[in-house]
Amino acid sequence: MNLQADASRNGGPAGAPVSKSDLDSIVVRFAGDSGDGVQMLGSQFSQETALAGNSLATFPDFPAEIRAPTGTTYGVSAFQINFGSRVVKTAGDQPDVLVALNPAALMVNYKGLRKGGLVILDQGAFKEKDIKRAGFTVDPRTDGTLKEFRVLEIDISAQTLEVAKPFGVTQKEALRAKNLWTLGLVSWMYDREMNSTMEYLTRKFGADDAVGKANVAALKAGHAYGETHELSGDVAPITMPSVKVEPGVYRLVSGAEALSWGLAAGAQLAGLETVLASYPITPSSPILHILAKLKQFGITTFQAEDEIAACCAAIGASYAGKLGITASSGPGIALKTEAIGLAISTELPLIIVDTQRGGPSTGLPTKTEQSDLFIAVWGRNGDAPIPVIASKSPGDCFEVAIEAVRLATKYMTPVMLLSDGYIANAAEPWLIPSMKDYKPFPVKFHEDVEGFHPFKRDPHTLARVWAKPGTPGLMHRIGGIEKDYNSGNISYDPANHQKMTDTRAAKIDNIANDIPEQDVAVGDTKGKLAVVGWGSTFGPINRAVHNMREKEGLDVSHIHIRHIWPLPRNLGQLLKSYEKVLVAEMNNGQMLTFLKSQFLVDAKGLLKVSGQPLKIEEVSSAIRSMLGSN
Amino acid sequence: MNVTVQPDKLTAKDFASDQEVRWCPGCGDYAILKAMHKSLADMGARPENTVFISGIGCSSRFPYYMATYGFHTIHGRAPAIATGVKLARPELDVWVVTGDGDALSIGGNHLFHALRRNVDLNILLFNNEIYGLTKGQYSPTSRVGQRSPSTPMGSVDSPAEACTYALGCGARFIARGIDVQAKELDVLFRRAREHKGASFVEIIQNCIVYNDAVFESFTAKDVAADMQLHVKHGQPMLYGKDRNKGLRFNPQTFKIETVVVGENGVTEKDILVHDETNRVLASLLVALRPPNAPEVLGVIYCDPAAQSYEVAVKAQEAQAKAKGPGDLDKLMRAGNTWSVT
Ligand code: SF4
């Protein structure tokens with residue numbers, strides 16, 4: 001039986017309120033209506049926090065509706081940030097501070113708050129009808145709903161209106177500055193410099209724009225409010241010391257950015273120009289947006305008429321001698337399936353990025369999940385293996401994208417790169433890499449007429465030659481029909497089909513010799529328990545395993561798989577050196593089933609599909625229960 | 001004496017691949033293939049710069065029989081793959097070979113967008129009004145009542161008209177030919193290739209096995225002259241054995257009607273003169289179908305846009321590159337960064 005992750009659990013392991021001075025990290029959750037500008041508030045606060053030298057991780061959590069009706073719970077947008085003076089690995093299990101800009105935001109989020117945590121409310125948004133609309137029968141501020149928390153009520157709406165109105169903006173425009181007023185207050189609480197936000201506002205609105213000025217005024221007013229109202233106790237300002245990290249130049253990076261830049265970097269290392277063909281889909285679209293602005297890098301972007309056309313255009317580009325890339329999410333990947341098969345059959349390089357989201361079907365478009373592992377590894381007609389690799393964090397997307405390009409071009413194969421909605425949107429401080437530290441892997445197009453046929457293979461990699469149209473003397477025809485091993489011509493010969501199927505499989509299997517052996521992220525190479533993860537669950541698993549080893553002395557290790565197909569050649573052996581194996585993932589047991597099928601290991605699963613990232617405490621309690629220590 | 005040396009003048013044979021052609025004996029595809037071999041040689045095309053891309057179906061085997069570059073892809077998707085090829089390598093001469101099922105059923109969407117975007121492709125749709133490769137089911141161009149394994153009592157849905165569809169999609173080059181009319185096809189291939197932007201050519205193709213003689217009403221020897229109108233830009237639209245039949249525009253009904261010069265007071269002055277740049281005229285011409293009117297053949301519409309899609313895309317890229325090549329190290333360090341020492 002697998003262990004259940006309980007996403008709604010309340011009350012942390014320690015139970016009692018933690019005094020501020022003890023904290024080496026703080027989790028703040030901003031929540032409001034989807035029109036309240038919560039995502040901007042959160043990302044600007046993240047930026048300020050990063051510039052202050054703290055470690056951080058963020059979790060933007062927004063609804064699928066662009067603008068749901070005001071004041072409803074399903075229209076609540078939230079942004080969570082965990083920052084600290086030690087290395088932060090997740091966006092935090094439980095917020096210490098909840099900023100609720102309306103009753104609905106409180107309704108959705110207060111249960112997740114740490115007992116003893118702080119709630120900051122916009123009093124002005126707590127009109128009776130708003131409270132009812134959020135689903136409270138009585139005012140939660142008066143009936144004891146919030147009795148386990150400390151509550152700070154400020155009429156943020158009124159305060160914002162007062163400072164913003166004089167700039168000659170409309171009532172609506174003035175009120176929309178309340179996210180900046182709030183940012184000002186929180187910036188004061190955590191001793192943040194607001195310069196980067198001011199610059200952002202000037203960039204966005206221009207120096208003379210009335211709305212821009214109103215926003216700047218609101219920001220400053222929020223900060224001043226903190227200073228002059230002598231907020232005390234837990235609300236008193238604190239300074240979080242900066243984290244000790246490797247020296248270098250840092251920036252905040254989201255998974256979508258790092259992935260896009262990684263693709264550009266990979267193409268550069270391969271010496272290729274690229275064509276990215278995509279169709280808009282949440283949460284993958286940012287990759288298309290980012291690369292559309294990088295034309296000077298020899299990147300052509302193409303918004304295709306549908307997912308199938310996107311994949312086909314990318315294949316056409318690869319056929320023509322550029323690197324074809326297509327990026328999508330679950331439903332789009334399903335549509336691309338037949339075309340991916342064509343690229344496998346014709347042995348053309350192709351990068352398929354799958355930013356996974358909740359499924360099946362439309363599922364939960366804006367929520368994260370890891371449930372496309374099966375479709376990535378096995379989801380095609382015929383025997384159709386391709387390399388599959390997964391990124392573990394926003395910054396890691398850069399490395400994984402380069403690796404995907406390397407494998408695709410070296411082995412003439414499509415490569416599936418798995419990211420997810422959490423990684424794509426979350427931001428983390430990132431030690432900016434230097435291109436000179438990466439070894440180029442230039443592609444050599446075939447030009448030799450002697451003995452040429454399109455399926456002539458490199459004896460070591462088994463990759464076929466890449467001969468591009470325009471090359472004299474190498475005219476050839478390829479297609480999805482089975483090809484003769486020795487000539488590349490159409491062949492229906494039974495023995496040849498066996499041979500070609502075996503060759504395609506061997507080519508991909510052989511990649512196991514060209515990727516690193518599986519390492520152990522935390523802990524020993526043998527012992528009582530290994531927690532196995534892949535993709536974006538790296539943070540919570542890593543922190544939980546650390547904690548369990550250090551604080552509770554448990555014999556547990558963390559193994560995180562990047563290369564999902566082929567698997568690292570030592571993985572089977574490694575897993576067998578632990579008494580127990582726990583696979584923690586955000587799906588109904590796909591990696592679990594996969595590892596069982598590959599290695600016959602008797603693994604258990606910690607499985608969660610709530611659209612929310614795995615929590616440290618969920619992993620910790622699963623570890624305790626596996627090791628019988630609770 | 002000044003001799004211009006043409007290093008290797010190619011012949012039709014140079015465009016034929018070494019693969020054995022496997023269409024049914026008597027299939028109309030043979031004639032089209034032969035015409036293409038010869039046309040390309042005559043046009044001075046280079047095999048290494050020519051790419052044939054197809055989907056799935058009898059016609060889609062075409063690339064295998066060309067000594068050019070070729071890509072036999074998946075059902076309906078050839079225009080999408082060809083778009084990718086053209087975006088990557090605008091200098092290549094890209095031909096799409098497709099059929100009525102491939103282009104108008106499973107691939108209708110891709111055909112629409114390739115035409116709308118005006119990608120510089122030469123799209124040849126072999127229309128035989130049937131699914132040949134899957135053994136004879138009715139197709140989206142089959143006429144109502146078509147009996148087939150999937151419609152034993154006759155089909156009940158209205159057919160699509162390929163050229164009308166292409167025109168509606170925004171195609172700026174539309175032509176129609178018949179498989180066995182090599183001379184005429186040669187002109188169409190040439191014009192399609194010269195046209196910058198998406199060129200759409202419907203080729204009436206006889207499937208001798210599953211839909212033989214379905215075009216007899218205008219292809220049969222005895223009726224051909226009276227049922228085929230070969231249009232030429234700037235010339236009156238006259239046809240018939242005696243070249244006395246013609247098309248006349250009736251402003252009262254806003255329709256084109258067939259008339260006979262010398263009958264009912266009709267003179268040659270009444271006959272419409274073909275203007276291939278006139279989209280309204282094109283829309284009336286593609287709607288004429290036998291047996292009530294002649295089949296209109298030739299270049300029906302040709303009105304090139306200022307630039308084709310991939311040219312416009314490349315122009316934007318050139319504009320971006322004019323500011324200097326991309327520098328990833330710089331890009332990643334732009335915006336808010338901080339140093340840890
Ligand atoms: S089935 Fe028809 S279209 Fe296909 S090859 Fe035979 S005759 Fe030609």
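Below, chain A is the first sequence line, B the second, and so on; all start at residue 1.
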Check each atom of [X] against the heavy atoms of chain B and say whether the ones under 4.5 Å are side chain, backbone, both or neither.
{"X": "A/Tyr319", "value": "side chain"}
{"X": "A/Leu323", "value": "neither"}
{"X": "A/Leu294", "value": "side chain"}
{"X": "A/Lys293", "value": "neither"}
{"X": "A/Leu342", "value": "side chain"}
{"X": "A/Thr346", "value": "side chain"}
{"X": "A/Ala314", "value": "neither"}
{"X": "A/Pro454", "value": "neither"}
{"X": "A/Glu257", "value": "neither"}
{"X": "A/Phe398", "value": "side chain"}
{"X": "A/Ala258", "value": "neither"}
{"X": "A/Gln47", "value": "side chain"}

Would you say CD of B/Glu194 has more than 12 non-hydrogen atoms from neighbouring residues, nucleotides or ligands within 6.0 angstrom? yes
Most chain A-contacting option - heavy-atom pairs closer than 4.5 Å, from [options]:
{"options": "B/Leu92, B/Thr341, B/Ile56, B/Thr68", "result": "B/Thr68"}
{"options": "B/Asp93, B/Thr83, B/Thr50, B/Asn109", "result": "B/Asn109"}
{"options": "B/Phe71, B/Trp338, B/Phe52", "result": "B/Trp338"}
{"options": "B/Val313, B/Asp18, B/Leu328, B/Val51", "result": "B/Leu328"}

Side chain of [X], backbone of [Y]: donor and acceptor closer than 3.5 Å?
{"X": "A/Asp484", "Y": "A/Ile490", "value": "no"}
{"X": "B/Tyr64", "Y": "B/Glu20", "value": "no"}
{"X": "A/Lys322", "Y": "B/Ala88", "value": "yes"}

Report which part of B/Tyr309 has an atom under 4.5 Å of a heavy atom belonging to chain A: side chain, backbone, both, or neither. side chain
What part of B/Ile53 gets closer than 4.5 Å to chain A, counting heavy atoms only: side chain, backbone, both or neither? neither
Could you tell me if [Y] and [X] have a donor-acceptor pair between their side chains, going purely by distance under 3.5 Å?
{"X": "A/Ser345", "Y": "A/Lys483", "answer": "yes"}
{"X": "B/Glu91", "Y": "B/Asn49", "answer": "no"}
{"X": "B/Asn336", "Y": "A/Ser196", "answer": "no"}

So which heavy atom on B/Gly132 is nearest to which on B/Cys58, and how close? C-SG, 3.9 Å
If you look at every heavy atom in A/Thr326 and A/Ala277, which pair is closest and at what distance? OG1-O, 2.8 Å
Counting heavy-atom pairs under 4.5 Å with chain B, which one of [options] comes out on top?
{"options": "A/Ala304, A/Pro433, A/Gly324", "value": "A/Pro433"}
{"options": "A/Ala467, A/Ser434, A/Gly53", "value": "A/Ser434"}
{"options": "A/Ala320, A/Gly479, A/Cys312, A/Ala313", "value": "A/Cys312"}
{"options": "A/Ile299, A/Asp306, A/Val275", "value": "A/Asp306"}
{"options": "A/Ala339, A/Pro472, A/Gly470, A/Ala317", "value": "A/Gly470"}
{"options": "A/Val249, A/Ile432, A/Ile315, A/Thr301", "value": "A/Ile432"}

For A/Glu273 and A/Thr300: C-alpha separation, side-chain torsions, deciding distance, then whether side chain to side chain donor-acceptor pair (under 3.5 Å) applies. CA-CA 8 Å; A/Glu273 295 199 314; A/Thr300 300; over 6 Å; no
Over 60° means perpendicular and under 30° means parallel, so classify the ring planes of B/Phe173 and B/His195, tilted if in between. tilted
Do A/Arg192 and A/Phe83 form a cation-pi contact, if we require the NZ or CZ to be under 6.0 Å from the six-membered ring centre and within 45 degrees of the ring's axis? yes
